[in-house]
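Since the model is a prediction, treat every value here as computed from it, not as a measurement.
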Amino acid sequence: MVGVTATADPRSAIDAVWRIESARLIAGLARMTRDVGLAEELAQDALVAALEQWPESGVPRNPGAWLMTTAKRRAVDTFRRNERYEKKLGEIGREQETEEEPDFTAGLDDHIEDDLLRLVFTACHPVLSTEARVALTLKMIGGLQTHEIARAFLAKETAIAQRIVRAKKTLGDAKVPFEVPEGTDRVARLSSVLEVIYLIFNEGYSATAGEDWMRPGLCEEALRLGRILAGLMPKEPEVHGLVALMEIQASRSAARVGPNGEPVLLMDQDRAKWNRLLIGRGLAALELAESLTGGAFGVYAAQAAIAACHARARTGEETDWGRIAALYEGLGKLNPSPVIELNRAVALSMAVGPEAGLEVVDKLTSEPALKSYHLLPSVRGDFLAKLGRLDEARAEFERAAEMTGNDRERTLLLNRAAECTP
């Protein structure tokens, strides 16, 4: 008999196993079937089987292999029904159809890490929209259920489900190969992967809408995905740069929210609450990224270097704002963006004075990309308040409050506007 593990709460155990094993399961099935959508369906079928059987039989000692073996059997049944049994059976490998207990170790695969990397690149393929890439990544690699993704992004479950279905159909229709790209295509595709992970992190770090300032679950999921990717691609400096950035940013989480859930801005945070373990991990990842490039920065590593300046300062006043401004200037050359220039303006204002920051910001007011970006009037209002131009500052804060979709941030901005009353 195959050993089982007794547990008081099988459902919790199944959820935990699924979160850990689902990405590898889908990846292995996708390599065998060459169909990511079908692989995800087969994996879900295996999960349903576990939900039906494990509460009675107990959790197997090797739950990942049990799920893989079950999913393979479902694949054989599916291909038989579709009259493609003989062709596909040769690709999958013949499974014993006896009543004997299966060899669960056979469900494991020597190529699983390669398969997982292929799945990451497939889920983040540029043929999909940004929203579809995010949803598919969280579903297939993060192991999140559709209702969890919907809750995280304040969306309807039906809308997320349809997005995922359309994404899988798009991949099938475009005949996207299940592979890790090579050559010049690899650089562009890796950029798409990193973008998806960072988008997930940012939505958790500063929620764009809703009542909460942060959604820590999304930050944790993005960090987990980043760490997985770093393990799969240890020679890619930008992967380590992104991990460094997320580790250091996440280290501030406990200090970014007040006792009533209100936002706490960087200069007002209690740095004793910063997580030193995450900072240490982030600085180590940044050092690794630099060592792989001989000290040069990519886009994510440059942002991590900026975050490191904050992490190394014991107080806000000790922050090396001059270096931060210089790093933003270098980042702007790597990736020209009005948002980066806005951040440089903030660093300049801290290093030189609000007049210098305002001079930069005033040049950005005509930027089409920042037309609905609430942080532009917010930053401008801050500079004006420091210069004593309170009426103008109040108007800017009020305008920023109208533009943000986050309730907590709106309250913060309206409070700052009220403080500008002479």
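Glu221 has a carboxylate O that lies under 4.0 Å from a charged side-chain N of Arg224, or vice versa, which qualifies the two as a salt bridge. Note on Lys168 versus Asp35: no salt bridge recorded, every NZ/NE/NH1/NH2 to OD/OE distance being 4.0 Å or above. A salt bridge is defined here as a Lys NZ or Arg NE, NH1 or NH2 lying under 4.0 Å from an Asp or Glu carboxylate O, and Arg416 with Glu398 fails to meet this definition. Salt-bridge check for Glu179 with Arg118: failed, with every basic side-chain N at 4.0 Å or more from each acidic carboxylate O. Salt-bridge annotation for Lys169 and Asp173: present, with a side-chain N of the basic residue lying under 4.0 Å from a carboxylate O of the acidic one. Between Arg215 and Asp212, no side-chain nitrogen of the basic residue sits less than 4.0 Å from a carboxylate oxygen of the acidic one, so the salt-bridge criterion is not met.
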Query - Intermediate values then yes/no, side chain to side chain contact (heavy atoms under 4.5 Å, CB included), Leu194 and Tyr300 - result: CA-CA 9 Å; Leu194 298 179; Tyr300 292 106; 3.7 Å; yes
**Report entry** Chi angles and distances behind the side chain to side chain contact (heavy atoms under 4.5 Å, CB included) call for Val17, Leu67
**Finding:** CA-CA 10 Å; Val17 168; Leu67 290 168; 4.0 Å; yes
Query raised in the report: Which is it for Thr146 and Glu157 under the side chain to side chain donor-acceptor pair (under 3.5 Å) test, yes or no, and what are the steps along the way?
Result: CA-CA 6 Å; Thr146 304; Glu157 185 175 346; 5.5 Å; no
**Report entry** Test salt bridge (Lys or Arg N to Asp or Glu O under 4.0 Å) applied to Arg74 and Asp77, step by step
**Finding:** CA-CA 5 Å; Arg74 297 297 173 97; Asp77 292 341; 5.3 Å; no
Query raised in the report: Which is it for Phe178 and Met32 under the side chain to side chain contact (heavy atoms under 4.5 Å, CB included) test, yes or no, and what are the steps along the way?
Result: CA-CA 10 Å; Phe178 187 66; Met32 289 181 276; over 6 Å; no
Query raised in the report: Where do Glu402 and Arg399 land on the salt bridge (Lys or Arg N to Asp or Glu O under 4.0 Å) test, with the steps shown first?
Result: CA-CA 5 Å; Glu402 291 176 0; Arg399 189 159 70 93; over 6 Å; no
Query raised in the report: side chain to side chain contact (heavy atoms under 4.5 Å, CB included) between Ser12 and Asp15: does it pass, once the steps are laid out?
Result: CA-CA 5 Å; Ser12 296; Asp15 288 344; 5.5 Å; no
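For the pair Arg252 and Tyr205, the cation-pi criterion (under 6.0 Å, within 45° of the ring axis) is not fulfilled.
Considering all non-hydrogen atoms of both residues, Pro60 and Trp66 come closest at CG-CD1, 3.4 Å. Closest of all the heavy-atom pairs between Met403 and Pro377 is SD-CG, 3.9 Å. Across all non-hydrogen atoms, the minimal contact from Ala135 to Ile149 is O-CD1, 3.7 Å. Of all non-hydrogen atoms in Ala43 and Ile26, the two that sit nearest each other are CB-CG1, 3.6 Å. Nearest heavy-atom pair, Val257 versus Met214, reported as atom, atom and distance to 0.1 Å: CG2-SD, 4.0 Å. Of all non-hydrogen atoms in Val361 and Ala345, the two that sit nearest each other are CG2-CB, 3.7 Å.
The distance from atom OG1 of Thr404 to atom CG of Leu413, rounded to the nearest 0.5 Å, is 6.5 Å. Remark: Ile248 CD1 to Leu278 CG distance equals 10.0 Å, nearest 0.5 Å. Distance check: Leu414 CG to Glu409 CD gives 11.0 Å after rounding to the nearest 0.5 Å. For the atom pair Leu412 CG and Phe397 CZ, the distance stands at 8.5 Å (nearest 0.5 Å). Residue Leu242 holds its CG atom at 11.0 Å from CD of Glu195, rounded to the nearest 0.5 Å. A distance of 8.5 Å separates CG in Leu25 from CG in Leu42, rounded to the nearest 0.5 Å.
Contact of the Tyr328 side chain with the Leu348 side chain is not registered, since no non-hydrogen atoms from C-beta on lie closer than 4.5 Å. Inter-residue side-chain proximity for Asp115 and Arg24 is flagged as unmet; no heavy-atom pair is nearer than 4.5 Å. Residues Cys309 and Leu327 meet the side-chain proximity criterion, which asks for heavy atoms closer than 4.5 Å. Looking at heavy atoms from C-beta onward, Arg133 lies out of side-chain contact with His125 at the 4.5 angstrom threshold. Leu232 is listed as a side-chain neighbour of Leu116, based on a closest heavy-atom distance under 4.5 Å. Leu265 is not listed as a side-chain neighbour of Gln269, based on a closest heavy-atom distance of 4.5 Å or more. In this structure the side chain of Ile164 never reaches within 4.5 angstrom of the side chain of Glu40, judged on heavy atoms. Considering only heavy atoms from C-beta on, Phe153 stays 4.5 Å or farther from Glu131 through its side chain.
Judged purely by atom type and a 3.5 angstrom limit, Ser378 has no side-chain atom pairing as donor or acceptor with the backbone of His374. Proximity of a side-chain donor or acceptor of Asn343 to a complementary backbone N or O of Val339 within less than 3.5 Å is detected. Distance alone, capped at 3.5 Å, places no donor-acceptor pair between the Glu341 side chain and the Leu364 backbone. Side-chain atoms of Arg34 come within 3.5 Å of backbone N or O of Arg31 as a donor-acceptor pair. A side-chain donor-acceptor contact under 3.5 Å links Thr33 to the backbone of Leu29. Distance alone, capped at 3.5 Å, is enough to place a donor-acceptor pair between the Glu238 side chain and the Ala301 backbone. In terms of modelled atom types and a separation under 3.5 Å, the side chain of Thr411 and the main chain of Asp407 share a donor-acceptor contact.
Under the 3.5 Å distance criterion, with hydrogens and angles disregarded, no donor-acceptor pair is assigned to the side chains of Arg189 and Ser192. Remark: the Glu203 side chain and the Thr208 side chain contain an N/O donor-acceptor pair separated by less than 3.5 Å. Checking His240 against Glu287 by side-chain atom types alone, no donor-acceptor pair falls below 3.5 Å.
Partners of Glu290 by side-chain contact (heavy atoms from CB on, under 4.5 Å), not counting sequence neighbours, listed by chain and number: Leu286, Phe297. Take Arg281 and apply the side-chain hydrogen bond (donor to acceptor under 3.5 Å, both in side chains) test, not counting sequence neighbours, and it matches Glu247.
Other residues, nucleotides and ligands contribute over 12 non-hydrogen atoms within 6.0 Å of the CD atom of Glu262.
You'll find the ring centres of His310 and Trp274 outside the 6.0 Å limit.
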